[in-house]
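Excluded from the calculations below are hydrogen atoms, water molecules and symmetry mates; all remaining heavy atoms, backbone and side chain alike, are included. The structure displayed is predicted, hence computed values, not measured ones.
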Amino acid sequence: MPDIPKLYGAAAEFFVSEAKEVLLDSGARCGKSHAAMMKARIVAEMHPGSRQLFTRATRKSMTTTILPDFEQFVLGSNHPSIGRGRPK
């Protein structure tokens with residue numbers, strides 16, 4: 001797994017939370033998305049065949065924010081799912 005920044009504060013609390021719903025609110029680049037992406041990867045590995053959902057206001061927002069971070073910081077460039085399902 002690639003190096004991932006350490007989680008602090010509310011992002012760290014969210015990561016270990018077992019609550020069904022959690023609301024995080026803070027400024028940009030504070031670790032909220034990283035915590036969610038790391039947790040989603042662990043859940044996916046614990047439950048093969050499961051699906052995780054990330055949502056943003058627009059598809060363009062996903063392409064320019066969370067997807068590159070997920071691929072680079074959580075999966076790593078050599079992960080087998082990188083490059084699958086993208087339009088040619």
What about Phe70 and Met46, same hydrophobic cluster or not, with Ile/Leu/Val/Met/Phe/Trp/Tyr joined at side-chain heavy-atom distances under 4.5 Å?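 Hydrophobic grouping puts Phe70 with Met46.
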
Under 4.5 Å between side-chain heavy atoms, counting indirect links through other Ile/Leu/Val/Met/Phe/Trp/Tyr residues: same cluster for Val22 and Val16 or not?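 Shared cluster, no.
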
Nearest heavy atoms of [X] and [Y], plus distance in Å:
X	Y	result
Ile66	Met37	CG1-SD, 3.5 Å
Ser26	Cys30	OG-CB, 3.5 Å
Met38	Leu7	CE-CD1, 3.8 Å
Met62	Pro68	O-CD, 3.9 Å
Val74	Arg41	O-NH1, 2.5 Å
Gly31	Ala11	O-CB, 3.5 Å

All side-chain hydrogen bond (donor to acceptor under 3.5 Å, both in side chains) counterparts of [X], not counting sequence neighbours:
X	value
Ser17	none
Ser50	Gln52
Glu13	none

Practice problem: Report the hydrophobic cluster partners of Leu53, with the cluster defined as I, L, V, M, F, W, Y residues connected by side-chain heavy atoms closer than 4.5 angstrom, directly or transitively. | Solution: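 Members besides Leu53: none; it forms no cluster.
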
field: Side-chain hydrophobic cluster, 4.5 Å single linkage: members besides Val43
entry: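 None; Val43 is a cluster of one.
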
* About how many Å separate CG of Asp69 and CG of Leu75, when rounded to the nearest 0.5 Å? ->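 Going from the CG atom of Leu75 to the CG atom of Asp69 covers 11.5 Å.
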
query = Distance from Thr64 atom OG1 to Arg56 atom CZ, nearest 0.5 Å?
reply =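 Taking OG1 in Thr64 and CZ in Arg56, the distance rounds to 7.5 Å.
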
Taking side-chain contact (heavy atoms from CB on, under 4.5 Å) as the definition, give me every residue that meets it alongside [X], ordered by chain and number, with sequence neighbours left out.
X	answer
Thr63	Arg59
Thr58	Lys60, Ser61
Ala57	none
Ala10	Leu24

For Phe14, give me all partners under ring-ring contact (aromatic ring centres under 6.0 Å, His included), at least two apart in sequence or on another chain.
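If we apply the ring-ring contact (aromatic ring centres under 6.0 Å, His included) test to Phe14, skipping adjacent residues, there are no hits.
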
Item to check | Contacts of type ring-ring contact (aromatic ring centres under 6.0 Å, His included), residue Phe15, not counting sequence neighbours | outcome: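 Applying ring-ring contact (aromatic ring centres under 6.0 Å, His included) to Phe15 gives none.
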
